[in-house]
Protein chains: 2
Amino acid sequence: MNIGEIARRSGVARSTVSYALSGKRPVSEATRQRIQAVIDELGYRPNAVARALKEGRTRTIGLVIPPASRRLTDMQLGFVASVVDAAARADLDVLLSPSGGEHDRSFERLVGGRRVDGVILMEIRLEDDRVTRLRQSGLPFVCIGRTDRPDEMSWVDIDYETLIANCLHHLADLGHRRVALVNRSAELVAAGYGPSHRTRAGFTRMLAERNLDGVHVCCADDAQSGVSCVAQLLAEHPGLTAIATINEAAIPGMYRALTHAGLAVPGDFSVVGVAARHWAENLHPPFTAADVPADELGACAVDMLIQRIADPEAAHRHVLVAPPISLRGTTGPARPRDGLA
Amino acid sequence: MNIGEIARRSGVARSTVSYALSGKRPVSEATRQRIQAVIDELGYRPNAVARALKEGRTRTIGLVIPPASRRLTDMQLGFVASVVDAAARADLDVLLSPSGGEHDRSFERLVGGRRVDGVILMEIRLEDDRVTRLRQSGLPFVCIGRTDRPDEMSWVDIDYETLIANCLHHLADLGHRRVALVNRSAELVAAGYGPSHRTRAGFTRMLAERNLDGVHVCCADDAQSGVSCVAQLLAEHPGLTAIATINEAAIPGMYRALTHAGLAVPGDFSVVGVAARHWAENLHPPFTAADVPADELGACAVDMLIQRIADPEAAHRHVLVAPPISLRGTTGPARPRDGLA
DNA sequence: TTGTACGCGTTATCAG
DNA sequence: CTGATAACGCGTACAA
């Protein structure tokens, strides 16, 4: 069923049908209704592919997510959900590409095949091949996260450096002197994952500024790893009284390890960090954290992308959010462990 | 950059370039290499939209998910991840449509606009408008789940009726006489959500068969609701010694409510149910459940869809899985509570 | 209102 | 067997 068929059955030219539908030229009410009747009868819908070819745009955006093999964190899921939702509100479709750091076929189809009008990229590394590829392609794109050359691109990001600093200020104010930072996985850090590096930088800076003793460890993104990671921390650093973390997925395991060690939270030990609001609220106990508004960030990225598609020459925009810490009761005054100060 | 440009720079006709790329006609090695050199130099990629228009297929499948506003369960996420992954392996792209029960614009674009070669539908209701619409459209589709007229469509599904029966057999064998079924949300049940209805049917049947006392409750899909739901169950049904559930998301809350009531699992109280394998393993304590292989089901749905696209006239296929219960230590012999038998 | 060229890759057909 | 020409898929928009 195509526009030619509708035109024939209505006894008009194809272009008349097109104009009747789009309203870009006036069409007499009588023919308009006749055409509409035929359309309703046959259930005709314009072929989106033909329209895309003619118009030179697909009304579709690409969303590049980490490969499905690795399980997404709650924050990542929040991004995906809000991007999809915001796109739907703008009548845009979303093409999903599960692409790792390297060029893979799905990503190449998106970019090279001009299947989308723009791309949203997640999980950005400080040096990111996909960003390079997209820039060279000329396709509008927006990152959730940023590389080490952030001026040359549009992005929304979380100010991990500031957030972790806020966490340490909070802990230091409560009298904690020895604190650990539980980062994301060693692989991510090795791959130059931006948030991990900026968090570590902020952590190191604050240790000096507040004269704290600190240890930095990586931890895979799952509860099991959280258990073993914290168990090891407690064993090797008896003076430790608090943990700051950006590793959402490991937190349930961290809680378990503390409970298992006989440490009450927050009576004996404090935990604070950065997490998606939804996740922080639903942990047990609810987690004192800088609440990342994942929903807003995804929607914001979509808005920025829509604007970039409309005006690719416009100056890049940057949104850096640093939400305050929401106290939910996993931090308290320092209490020395094991007779160590 | 289009195929004509490549042809001109290579000094050949457009069709020669096309044949050189597709190999559907022999092209002399010399010209092939010359063409390839130009392509490499300019980074040319065929326009996927033009190709789709000509070929009449988009190499894209649609995946209809619940609206993003509602948070997806771990099992649903498993389906999405495995569908995306399997599609990528088959060099298919995935267009995501967050569509509720009713016809919404995103879904209508997918189906009416012929943007996809086929559709995978999740969260099927016993009567489902989307299935009706898809059938009328003639677009190949596969459901994860099934309606009340399952013969007329292709689907993969979980045999909830059998699984919940297995759970009750297990509990009955352990001596439990009074058990509760914690179903999904009341809204889903009211909407005719298949798994909820089939689970309830299996539950009711088994109560009679094993001569058990049972109570059926609905519970929203989140931990908080799990807490209040179980707290109320314990208060109103003092003889209760076990719960069976298909509500993954509520399980952490159910654990909490039991702990809060001073009931040890499995010493004082048993919990069993149906859950995605990954979720069951990562709960604390790990959850005795029929492990739904979400990854395999998604991949299976993609395989079936690919076959349906290749041969739309082929007979419908149906895959019904009933995985065995994996014992992980949340069930044990019944122990009466509160002096009630 | 209508006729028609256009966007771009594919492929049948024809010429060499 | 190789290369060139032209039609096709379908909606859009300009010229008439």
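Per chain, numbering begins at 1; letters A, B, ... match sequence-line order.
Within 3.5 Å, no donor on the side chain of A:Lys54 pairs with an acceptor on the base of D:dC10, nor the reverse. Counting distance only, with no hydrogens placed and no angle test, the side-chain atoms of A:Ser15 and the base atoms of C:dG3 include a donor-acceptor pair under 3.5 Å. If you check distances only, the side chain of B:Arg14 does reach the base of C:dG9 with a donor-acceptor pair under 3.5 Å. Interface remark: the A:Tyr19 side chain does form a donor-acceptor pair with the D:dC14 base, using a distance-only criterion of under 3.5 Å.
Following rounding to the nearest Å, B:Glu29 (CD) and D:dG3 (P) show an atom-to-atom distance of 11 Å. Atom CD1 of A:Ile3 is separated from atom C1' of C:dT2 by 13 Å (rounded to the nearest Å). To the nearest angstrom, C1' of C:dC8 lies 17 Å from CZ of B:Arg45. Counting to the nearest Å, the P atom of C:dG7 and the CE atom of B:Met1 are 14 Å from each other. In this structure, CG of A:Asn47 is placed 18 Å from P of D:dC8, rounded to the nearest angstrom. Put simply, CD on B:Glu55 is 12 Å from P on C:dA12, counting in whole angstrom units. Counting to the nearest Å, the P atom of D:dG9 and the CD atom of A:Glu5 are 12 Å from each other. Between A:Arg109 atom CZ and C:dG9 atom C1' there is a gap of 18 Å when expressed in whole angstrom units.
Residue-level contact check: B:Val12 touches the backbone only, with heavy atoms under 4.0 Å from sugar-phosphate atoms and none from bases. B:Val27 comes within contact range of the sugar-phosphate backbone alone, with a heavy-atom separation under 4.0 Å but no base atom that close. A:Thr31 comes within 4.0 angstrom of sugar-phosphate atoms only, judged by non-hydrogen atoms across all strands, and of no base. B:Thr16 comes within 4.0 angstrom of the backbone, heavy atoms only, and of no base. At the heavy-atom level, A:Ser28 lies under 4.0 Å from the strands shown only through sugar-phosphate atoms.
Where B:Ala48 and A:Gly11 meet DNA chain C, the nucleotide closest to each residue was compared, and A:Gly11 sits on the side nearer the 5' end.
Using a 4.0 Å cut-off, no side-chain N or O of B:Tyr44 falls inside it from OP1 or OP2 of C:dC8. B:Arg25 has no side-chain polar atom (N or O) that falls below the 4.0 Å cut-off from OP1 or OP2 of D:dT2. In this model, the phosphate group of C:dC8 is approached by a side-chain N or O of B:Asn2 to a distance below 4.0 Å at OP1 or OP2.
Using a 4.5 Å cut-off on side-chain heavy atoms (C-beta onward), A:Leu92 and A:Ile306 make contact.
Salt-bridge formation is not detected for the pair B:Asp91/B:Arg59: no Lys NZ or Arg NE/NH1/NH2 atom is positioned less than 4.0 Å from an Asp or Glu carboxylate oxygen. By the 4.0 Å N-to-carboxylate-O rule, B:Arg8 lies close enough to B:Glu5 to be salt-bridged with it.
Remark: side-chain polar atoms of B:Arg32 are not paired, donor with acceptor, to backbone N or O of B:Ala20 under 3.5 angstrom.
Remark: the A:Gln36 side chain and the A:Asp40 side chain contain an N/O donor-acceptor pair separated by less than 3.5 Å. B:Arg25 and B:Ser15 share no side-chain donor-acceptor pair at under 3.5 Å.
Candidate nucleotides C:dT11, C:dG7, C:dT10 were compared by shortest atom distance to the side chain of B:Leu53, and C:dG7 ranks first.
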